[in-house]
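Throughout, a chain's letter reflects where its sequence line sits, starting with A, and its residues are numbered from 1. The figures here come from the full heavy-atom set of this structure, side chains too, leaving out hydrogens, waters and symmetry mates.
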Number of protein chains: 2
Amino acid sequence: MAAETGSRVAKTAEEDPAVADESFEGVTPDAARRLLLGAVEAFAERGFHATTTRDIAGRAGMSPAALYIHYKTKEELLFQISKVGHERSVSVLAEAAEGGGDDADRLARAVRSFVRWHAEHHTTARVVQYELAALGAEHYEEIVGLRRRSEEILRGILESGDASGEFEVADIRGTTLAVMSLCIDVARWYSPAGRRTPDQIGGLYADLVLRMVASAGPSGPARAE
Amino acid sequence: MAAETGSRVAKTAEEDPAVADESFEGVTPDAARRLLLGAVEAFAERGFHATTTRDIAGRAGMSPAALYIHYKTKEELLFQISKVGHERSVSVLAEAAEGGGDDADRLARAVRSFVRWHAEHHTTARVVQYELAALGAEHYEEIVGLRRRSEEILRGILESGDASGEFEVADIRGTTLAVMSLCIDVARWYSPAGRRTPDQIGGLYADLVLRMVASAGPSGPARAE
DNA sequence: GTCTATAACCGGATAGAC
DNA sequence: GTCTATCCGGTTATAGAC
C-alpha cells in the first residue's frame, strides 16, 4: 500500500533539490545532514511509520547501518526534524511580529510570513505538523513547548489590538487557534504545482485574518482594500 | 515509540462508548462493526501504519485471524472508515447549506454544522482527514471525489453571496480552501476535555467566516453582533 | 565512517481445527 | 465464524571487516 502512495506524491528533491530544505544547512557532518534530508522527504511522502530506515539511508546514498552512527533511532531523526523545523517557523513568526507598524501591520506580516514558510517548506512543515504523534513522550513535550510559543506570539498581537480598539475580537484564544489552523493547514494541501505562489497565499490569508479581527467602526483601518 | 504515544491520547471509547461513532450503526454483522470501531480508535490514536491488526482485533474482542473474514486487508478497513466518514460529513454540510435564509444564514449554518461534525466525531474525522495517504490508489481517488463535493458546496454559497453583493470575496477558490482548512483542522486539535463544546466552536467559526466574506458596505447584514 | 552480514523481533496474512 | 498456530517477509539495531 505504501508503494502505491509513493507514486502519487511528487518527489520534492527532484523538483527542487537545493531548496528542499535549507533549514538543515548547518547540520554537520555531511552524512548526518544527508540523512536528515532523506528522512524529511521520506516522512513527508509516506509518514513516519511507513518509512523504513533502508529508505532513509538509501536516499542519503548509504547502507541502513550507517544511519545508526549519526542517530540512535529513527525517532531521533524525527525529533531533530521537528525541533529544527519548529524553531525555524517560530523565529520567522517572531521576526515578523516584532517589526514596526500598528497591530494590523504586525498581524498581517505575521500571518503572511508564517503561511509562506508553511508553503515554501511544505515538506518539512508536513512532517513537523503532522507526524508529532510518533515522537517519544519527552521529545513530544519539548516540541509542544515550541508550538506554544507560536500561539503566544499570535495571541499577543490579537490581545494588543483588541485592547487598543484596533481589533474587535470576541474570543481571543479561540480566534488565535483558528488563525493557527489556517496557517498550519497550508502545509497539508499546498503543492508547488498549484496556481498560487507561497507569497500570494500568504497575502490572501493575511487579508482574511485581518477581516476576522477587524473592528466594526468606520475608524477601523484594518479593513482590507 | 507507538506505545508511549498511546498513553498520551485519550481512549475515546472509554470516554463515550456509545457516541464514539454512531456513524457506523448500520454496519452488519455485529463483528464487522466492532472491528470498524476498533480500527477507528486505533488509527486515530496511532495512525494507520503504526496500528497492528492484532490491536484492532483485540479491541473488537477477537483474534487477529477473525478480522480477515470481514475485511480482505487492513487497508480495506481504512477505506470503509474514510468512505462512511466522508459521506457523513458531506451530507451534514449539504443539509445545512440547503435550508432557507440568505447566503449568510446558509454559510453560517454550513460552517457551524461542518465544524460541529469534525469536533463531535473527531476520532473518525482525524482518520478520515489525516490518514488518506495510506489508501490504495483507486480507493484514494474515490475519496477525493467525495472531498470535492464538500468544497463545491461551500464554494457555491460564496459564489452566490458574492454575486448578489451580500458577500465580498476577492478570491473565491482561495477563500473556499481557507474555510475548509479552518473546519477540518478542528479534528486535529479538538479534545472533549477542552473548554468549548463542539457547538460553541462551530458558532465561533461561523462568526469568523462571516467576517471573512462580509461586504464592507453598511448594508452588509452578515456582520456579526 | 561506511560497508556486509546477521541477530532478534514483529508485522500482515493464511491454514486448518472446532 | 472464531480460534490457535504458523508462515514469511520486513524492520530495527548490532557486530565486525575494511
Side-chain angles (χ1 to χ4, degrees), chain A residues 1-7 24 27-43 45-81 127 131 133-137 139, chain B residues 1-6 24 27-43 45-82 127 131 133-137 139:
Chain A
M1 258 7 83
E4 293 171 287
T5 304
S7 64
F24 302 103
V27 178
T28 54
D30 184 66
R33 192 186 62 257
R34 273 168 22 232
L35 285 165
L36 219 48
L37 289 170
V40 169
E41 277 179 42
F43 292 162
E45 285 176 19
R46 312 194 193 300
F48 176 80
H49 290 290
T51 298
T52 66
T53 54
R54 292 187 216 297
D55 184 4
I56 297 170
R59 289 175 196 249
M62 289 177 223
S63 81
L67 187 151
Y68 291 94
I69 291 151
H70 302 283
Y71 302 94
K72 272 200 293 295
T73 64
K74 189 172 77 159
E75 190 265 356
E76 197 191 313
L77 224 22
L78 175 63
F79 175 59
Q80 289 301 330
I81 293 164
V127 176
E131 300 294 332
L135 287 171
H139 286 167
Chain B
M1 257 13 76
E4 293 170 287
T5 304
F24 303 103
V27 179
T28 53
D30 184 68
R33 193 185 61 257
R34 268 163 32 225
L35 285 165
L36 220 48
L37 289 170
V40 169
E41 276 179 44
F43 293 161
E45 285 176 19
R46 312 195 195 299
F48 176 79
H49 290 290
T51 299
T52 66
T53 53
R54 288 167 172 80
D55 182 4
I56 297 169
R59 290 178 196 246
M62 288 177 224
S63 79
L67 188 152
Y68 291 92
I69 293 153
H70 303 283
Y71 302 94
K72 271 201 291 297
T73 63
K74 190 173 78 159
E75 191 264 359
E76 198 190 313
L77 225 20
L78 175 63
F79 175 59
Q80 289 302 329
I81 293 164
S82 299
V127 176
E131 301 294 331
L135 286 171
H139 286 166

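Here B:Ala32 pairs with B:Val27, B:Pro29, B:His70, B:Tyr71 under the side chain to side chain contact (heavy atoms under 4.5 Å, CB included) rule; sequence neighbours left out. For B:His139, the side-chain hydrogen bond (donor to acceptor under 3.5 Å, both in side chains) partners are B:Glu75, not counting sequence neighbours.
Rounded to whole angstrom, the span from the CG atom of A:Leu35 across to the P atom of D:dT12 amounts to 14 Å. As a whole-Å value, the separation of A:Glu76 CD from D:dT12 C1' is 14 Å. Protein atom CG of B:Leu67 is 11 Å distant from nucleotide atom P of C:dT14, rounded to whole Å. Atom OH of A:Tyr71 and atom C1' of C:dT2 are 16 Å apart (whole Å). If you measure from atom CD1 of B:Ile69 to atom C1' of D:dT4, you get 13 Å, rounded to the nearest angstrom. Atom P of nucleotide C:dG12 and atom CG of B:Asp55 are separated by 9 Å, given to the nearest angstrom. Spacing between atom NE2 of A:His49 and atom P of C:dC10 amounts to 16 Å, rounded to whole angstrom units. If you take CD1 of B:Ile56 and C1' of C:dC10, they are 15 Å apart, rounded to a whole angstrom.
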Between the protein and nucleotides 13-18 of chain D, which nitrogen or oxygen pairs are less than 3.5 angstrom apart?
unit_1, atom_1, unit_2, atom_2, d
D:dA13, OP2, A:Tyr68, OH, 3.1

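Using a 4.0 Å cut-off between charged side-chain N and carboxylate O, B:Glu131 and B:Arg46 make no salt bridge.
Between A:Phe43 and A:Lys74, the shortest heavy-atom contact is CZ-CG, 4.2 Å. B:Ala66 and B:Leu35 make their closest contact through O-CD1, 4.5 Å (heavy atoms, listed as atom of the first residue, atom of the second, distance).
Counting non-hydrogen atoms under 4.0 angstrom, A:Ser63 reaches a base of the nucleic acid.
Map B:Ala31 and A:Thr51 each onto its nearest nucleotide of DNA chain D; the residue landing nearer the 5' end is B:Ala31.
Proximity of B:Leu77 to B:Leu67: side-chain heavy atoms (C-beta onward) are separated by under 4.5 Å at one or more points.
Nearest to the side chain of B:Thr52, among C:dG11, D:dT2, C:dC3, sits C:dG11.
In this structure, A:Thr53 contributes its side chain and A:Pro64 its backbone to no donor-acceptor pair below 3.5 Å.
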